[in-house]
Amino acid sequence: MAAEILSARGIDVTIYERKPSVGRKFLMAGRGGLNLTHSEDIEPFIQKYQDRADYLGPIIRGFPPQALRDWCEGLGEKTFIGTSGRVFPETFKASPLLRAWIKRLEHQGVRFMLNHEWGGWDGHELIFNTAKGQTKITPDATLLALGGASWPRLGSDGTWVNILQKENVKIAALQPANCGFCVDWSDVFSKKFVGQPLKTITASFLGHKIHGEIMIAAKGIEGGPVYALSSYLREEINKAGAASLLLDLKPDFTLEGLTDRLKKPRARKSLTNFLRSAVNLSDVAVGLLMECPDRAALGDYPAEKLALLIKHYPLNLRGTFPIDRAISTAGGVMFDSLNENLMLVDKHGVFVAGEMLDWDAPTGGYLLQGCMATGVRAAHGIMSWLNLK
Ligand SMILES: Cc1cc2nc3c(=O)[nH]c(=O)nc-3n(C[C@H](O)[C@H](O)[C@H](O)COP(=O)(O)OP(=O)(O)OC[C@H]3O[C@@H](n4cnc5c(N)ncnc54)[C@H](O)[C@@H]3O)c2cc1C
């Protein structure tokens, strides 16, 4: 995004990329439908950046969601708003957009130096490692947009942390964001339910409630509501070593309504069959109830207590999934190491944008919007820096 703005102003731009092609994570983001941005009003949109909203607010206002949609449409990819308010290109894919984008950049004179891995500085020179050895360059300005540390095989692995720390840049530890969480399933539960969705539940934590579907994974849980609550859950685990996610397994029933249903005579039905027939609880949800530490006594629970467990099921999460499986990365270059144009205050002429900055946001289009908007801000910062020089 920065290369596009700068090259359109006649500035000579070269993109260095360690992989044999650019935009691999962007392409991966398009695999399940490229969620470019979100259509909600700008204020609630900005609040999605939580305690970084103060920094990102002005940057997002400088390149708001509509500007990102216009940009996408300018590249020949019409956008639409999905039922959840999320914005996608009509094709859902990232590949046509990336192809058109690269063509535009090449047309504007941007050079791509692929298979060039940035390895830090030698004085004022940038060092790149290539198959043919090292090369060094001294640009008038540098933008670092090296991504976070999730899905490292796509190119972003966070190895820049060591390089920047040596330059005294303040970095918040990289951590998984929009990630799954570890749960100790019993063998019985894993064998039966791994890979299955726990549908129409409400997950809540610290007063934040998200409705949706959770996927049962071999070592825990994944899915929309889990990702949306991931920053709060991760912080709790960092502090306390575990977090208790509350699940409402029957959100369409009130506690009273559910209790009444559970007061029906069980006849000779097993508890599992009774739960299926009386309240239409899914097999996965029943399986989950059977995972509770008190499972041996569940059959003797009075209706009130059983209903309470179904409406407030505490799922013990004991860690995050590893960062290499996360959708995004929290932590990164701290904003107090940067000026308002995203230039390192102790390394003039070096700018930072995208996921390597210390911000975090839920899925829903906020990640790409944040990356693109910081790219735009850095491009404008580079232009004023070059004029000042
Ligand atoms: C499965 C998945 C689905 C996603 N879906 C969405 C979505 O629908 N909507 C959304 O908003 N976000 C989504 N995201 C997140 C989004 O893709 C990222 O936030 C975004 O791509 C980050 O952009 P970036 O430019 O900061 O970093 P990246 O896209 O990671 O790009 C950084 C580039 O720098 C290169 N690089 C790194 N280190 C070096 C080095 N030392 N030398 C040279 N090159 C280097 C990397 O190879 C990479 O190409 C998804 C992510 C994943 C993993």
Side-chain angles (χ1 to χ4, degrees), residues 1-4 14-38 45 48-49 60 65 68 72 79 82 84 86-89 92-94 97-98 101-102 112-121 126-130 134-135 137 142-164 174 176-180 222 224 227 321-330 332-333 342 351-376 378:
M1 187 53 84
E4 181 176 339
T14 306
I15 293 176
Y16 291 86
E17 163 63 55
R18 62 146 58 119
K19 287 285 180 183
S21 62
V22 293
R24 290 182 175 213
K25 189 173 277 179
F26 188 69
L27 288 175
M28 172 58 82
R31 270 239 303 241
L34 185 72
N35 181 193
L36 259 189
T37 185
H38 201 286
F45 189 106
K48 297 293 186 301
Y49 298 94
I60 301 283
L68 184 53
C72 183
T79 60
S84 56
R86 295 173 179 216
V87 175
F88 300 88
F92 258 120
K93 292 188 195 151
L97 183 59
L98 184 62
W101 196 7
I102 292 174
F112 289 90
M113 301 294 275
L114 305 174
N115 300 304
H116 277 63
E117 181 177 66
W118 177 62
W121 286 274
L126 294 173
I127 306 167
F128 290 96
N129 301 310
T130 75
Q134 252 186 18
T135 59
I137 58 153
T142 302
L143 172 60
L144 301 175
L146 305 168
S150 74
W151 290 72
R153 69 186 168 85
L154 302 176
S156 314
D157 61 3
T159 44
W160 51 263
V161 169
N162 283 339
I163 302 174
L164 291 189
L174 302 189
N178 293 298
C179 56
E222 289 180 309
Y227 299 154
F321 278 3
I323 196 163
D324 54 2
R325 284 188 58 184
I327 288 186
S328 59
T329 304
V333 176
L342 304 178
F351 295 74
V352 185
E355 208 178 303
M356 65 185 290
L357 292 168
D358 178 25
W359 57 275
D360 187 4
T363 55
Y366 308 100
L367 299 168
L368 284 174
Q369 180 75 51
C371 292
M372 302 289 193
T374 52
V376 171

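In each ligand, atom 1 is the first atom listed, and ligand 1 is the first ligand listed.
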With respect to atom 12 (N) of ligand 1, which of I15, L367, N129 exhibits the smallest heavy-atom separation?
L367
Between G370, A145, G155, which one has a non-hydrogen atom sitting closest to atom 36 (N) of ligand 1?
G155
Compare every heavy atom of L34 with every heavy atom of P89, then report the nearest pair and how far apart it is.
CD-O, 3.0 Å
Does some side-chain heavy atom of [Y] sit less than 4.5 Å from a side-chain heavy atom of [X]?
{"X": "L164", "Y": "M356", "answer": "yes"}
{"X": "W160", "Y": "L144", "answer": "no"}
{"X": "R325", "Y": "C179", "answer": "no"}
{"X": "Q369", "Y": "F45", "answer": "yes"}
{"X": "T363", "Y": "R86", "answer": "yes"}
{"X": "T159", "Y": "R18", "answer": "yes"}
{"X": "W151", "Y": "R24", "answer": "no"}

Can you tell me if I327 has a non-hydrogen atom under 4.0 Å from ligand 1?
yes
Atom indices of ligand 1, in the order listed, that fall short of 4.0 Å to a heavy atom of [X]:
{"X": "A29", "value": "3 (C), 4 (C), 5 (N), 6 (C), 8 (O), 13 (C), 14 (N), 17 (O), 50 (C)"}
{"X": "G354", "value": "26 (O)"}
{"X": "G365", "value": "11 (O)"}
{"X": "W151", "value": "53 (C)"}
{"X": "G33", "value": "8 (O)"}

Between [X] and ligand 1, which residue portion shows a heavy-atom distance shorter than 4.0 Å: side chain, backbone, both, or neither?
{"X": "L154", "result": "backbone"}
{"X": "W118", "result": "both"}
{"X": "H116", "result": "backbone"}

[atom] [closest protein heavy-atom partner, distance rounded to 0.1 Å]:
{"atom": "atom 2 (C) of ligand 1", "value": "M28 CG, 4.1 Å"}
{"atom": "atom 39 (C) of ligand 1", "value": "L146 CD2, 3.6 Å"}
{"atom": "atom 45 (C) of ligand 1", "value": "R18 CG, 3.6 Å"}
{"atom": "atom 48 (C) of ligand 1", "value": "E17 OE1, 3.5 Å"}
{"atom": "atom 9 (N) of ligand 1", "value": "N35 O, 2.8 Å"}
{"atom": "atom 26 (O) of ligand 1", "value": "E355 N, 2.8 Å"}
{"atom": "atom 31 (O) of ligand 1", "value": "S156 OG, 3.8 Å"}
{"atom": "atom 16 (C) of ligand 1", "value": "L368 CD2, 4.0 Å"}

Just to verify, what does E17 make a salt bridge (charged side-chain N to carboxylate O under 4.0 Å, His left out) with, not counting sequence neighbours?
none
Interatomic spacing from OG1 in T329 to CG in D360 - rounded to 0.5 Å
9.0 Å
Test: salt bridge (charged side-chain N to carboxylate O under 4.0 Å, His left out). Region: residues 363-375. Which pairs qualify, not counting sequence neighbours?
none
Does the plane of the ring in W359 sit parallel, tilted or perpendicular to the ring in Y49? Use 30° and 60° as the thresholds.
perpendicular
